[in-house]
Number of protein chains: 2
Amino acid sequence: MREVDAEAEVAAWDGVEPEAARRLLSAGVEAFAERGYHATTTRDIAGRAGMSPAALYIHFRTKEELLFRISKVGHERARRIVAEAAGAQASPRERLGRAVRDFARWHAEHHTTARVVQYELQALGEEHYAEIATLRRDIDSQLRGIIEDGVRGGDFAVDDIPGTSLAVLSLCVDVARWFSAAGSRTPDEVGALYADLVGRMVTGCAGPARP
Amino acid sequence: MREVDAEAEVAAWDGVEPEAARRLLSAGVEAFAERGYHATTTRDIAGRAGMSPAALYIHFRTKEELLFRISKVGHERARRIVAEAAGAQASPRERLGRAVRDFARWHAEHHTTARVVQYELQALGEEHYAEIATLRRDIDSQLRGIIEDGVRGGDFAVDDIPGTSLAVLSLCVDVARWFSAAGSRTPDEVGALYADLVGRMVTGCAGPARP
DNA sequence: GTCTATAAACTGATAGAC
DNA sequence: GTCTATCAGTTTATAGAC
């Protein structure tokens, strides 16, 4: 199980050269997700990648830069997922469903990477954080745009658009915290469940037993 | 603002004696929430409490024990909030609304404490973690119980009860991550918004524009 | 109970051989 | 590019004076 996960995460560093840098990024994701950035030592990362402690500094200037590279690639992937759903030729309800399904599923399937992406921002330096924050704002506004479209067109009944948008994003992001590959739910199931729940959240109605 | 927050958090350690231990717990919450457990030094905690580094070890055996005390008191408070709503004499819809409103509001109002409670579990030792995990399972089952009651009585239309329960809990917990006292929402407003959103989540209906 | 001083271990990062 | 060896600084925790 662990090795399968590690393989899957290695595959995500397609553009990175040389191979040793990819191994270090993959080892970093594993270690940061497991223990947190500050509890992880450069020795641990290098060891997981099968190298000496010094080898890390050939490919990354500092431990923080390794984190930044992980965070950047992860955020770009997450942004693309939401942007593709938001830009699709479909109704707001279908776009929202797809955005939530794919975004939540990504956080489940890549929960190790997602955990680092979402919960280790604190450890980034000021300039690196600013760069990541731009990506995060874009993800936020893509999602809010879908909801705004739906409300404008009468598809959704939402009172507090920024609040609902924030809650939907928060719901999906937190999948990274609780999801476990050993648990009873597959990433696909999480995506389907969450798309359904969010669909209900944007639907105002006087259904059964609603006062 | 910082001093007001600090005062508010100090008030939470009512039962703890002596006063120096309360100051250390309060300083620990502040520091852990700001930088994370592993990035916080015992020097920093003691400094914030106006003491020398060695003074911490008079009141706590280790830094981890300080974290455990914070985590335990926080989890007990959170559990009580959910249990009181779950045990109220009211309809499932009212009990769920109250549970979500109060639980989400607590995570907003006490977001520093809640951040430590929810995001520093990793740093606990094995035995301490096991003790906390019991409290967490209880919170989980209290909430699921409300939803089960509602489904049984026909008040709620929920397909996946454990999944919905997990999502509701996750939604509320993650408030601690994003909530900022400087933001535009008050804890009361967050509670009201979340109670509304969760109310919709458990309502199946063929409302406006739902396929 | 609190302080100053310090032990003992570990950490991120570098130097220089190969 | 990678290694071994190591520096300089920091960390948790303790010893002993007051």
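- Within residues 65-74 of chain B, no residue has any heavy atom under 4.0 Å from DNA chain C.
- Note: CG (B/Leu24) to P (C/dC3) measures 10 Å, nearest angstrom.
- Take A/Arg61 and apply the salt bridge (Lys or Arg N to Asp or Glu O under 4.0 Å) test, not counting sequence neighbours, and it matches A/Glu65.
- Nucleotide D/dG1 holds its P atom 8 Å from the CD1 atom of A/Ile58, rounded to whole Å.
- When the P atom of C/dG1 is taken as reference, atom CD of B/Glu17 falls 10 Å away, rounded to whole Å.
- Rounded to whole Å, atom C1' of C/dT2 lies 14 Å from atom CD of B/Glu19.
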Using the rule given for side chain to side chain contact (heavy atoms under 4.5 Å, CB included), can you reason through A/Arg136 versus A/Leu121, listing the C-alpha separation, both sets of side-chain angles and the distance that settles it, and then say yes or no? CA-CA 11 Å; A/Arg136 293 178 74 83; A/Leu121 292 167; 3.4 Å; yes

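- Legend: residues meeting side-chain hydrogen bond (donor to acceptor under 3.5 Å, both in side chains) with A/Arg152, ordered by chain and number and at least two apart, are A/Asp149.
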Heteroatom pairs (N/O) under 3.5 angstrom, protein to nucleotides 12-18 of chain C:
residue, atom, partner, partner atom, Å
C/dG12, OP1, A/Thr40, O, 3.2
C/dG12, OP1, A/Lys63, NZ, 2.8
C/dG12, OP2, A/Thr42, N, 2.9
C/dG12, OP2, A/Thr42, OG1, 3.2
C/dG12, N7, A/Arg43, NH1, 3.2
C/dA13, OP2, A/Tyr57, OH, 2.9
C/dA13, OP2, A/Lys63, N, 3.0

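- Under the salt bridge (Lys or Arg N to Asp or Glu O under 4.0 Å) criterion, A/Arg115 pairs with no residue, sequence neighbours left out.
- A/Glu19 meets the salt bridge (Lys or Arg N to Asp or Glu O under 4.0 Å) test with A/Arg23; sequence neighbours excluded.
- With sequence neighbours left out, A/Glu84 forms a salt bridge (Lys or Arg N to Asp or Glu O under 4.0 Å) with A/Arg80.
- Listed by chain and residue number, A/His111 satisfy the ring-ring contact (aromatic ring centres under 6.0 Å, His included) test with A/Phe179 (two or more places apart in sequence, or in another chain).
- For the pair B/Asp44 CG and D/dT10 P, the computed distance is 14 Å after rounding to whole Å.
- Remark: C1' of C/dC10 and CZ of A/Arg35 are 14 Å apart, rounded to the nearest angstrom.
- Sorted by first and then second residue, the ring-ring contact (aromatic ring centres under 6.0 Å, His included) pairs with a member in residues 30-50 of chain A read A/Phe32-A/Tyr37; sequence neighbours excluded.
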